[in-house]
Amino acid sequence: MVHLIYRAKAYEGNSKDYEFSRLSMETHWGAGYHDTVRTLRHPDVLKRPTNHEGVAVFDLVQDGRD
């Protein structure tokens, strides 16, 4: 399971929660596509977890993998 989190751009402010223009949606979709490709390029993400819970969490930005 991969949970991608959209990080708002500085210019969006609170409008990202209710602004659904075609341009905004294409920007969000593009960001999601880019994040998916970037995530799947990291081989650790595709390895099965070895812990008891069977879950591994990666934050590619915070872990310095961005």
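Note: hydrogens, waters and symmetry copies are ignored here, and every other heavy atom, side chains too, is used. FYI, the numbering just counts along the sequence from 1.
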Gly54 to Pro49 - nearest heavy-atom pair and separation: O-CG, 3.3 Å
Please report the closest heavy-atom contact between Asp35 and Ile5, naming both atoms and the distance. OD2-O, 4.3 Å
Residue set satisfying side-chain contact (heavy atoms from CB on, under 4.5 Å) with Ser21, at least two apart, ordered chain then number -> Glu19, Leu23, Ser24
According to salt bridge (charged side-chain N to carboxylate O under 4.0 Å, His left out), who are the partners of Glu26, at least two apart in sequence or on a separate chain? Arg22
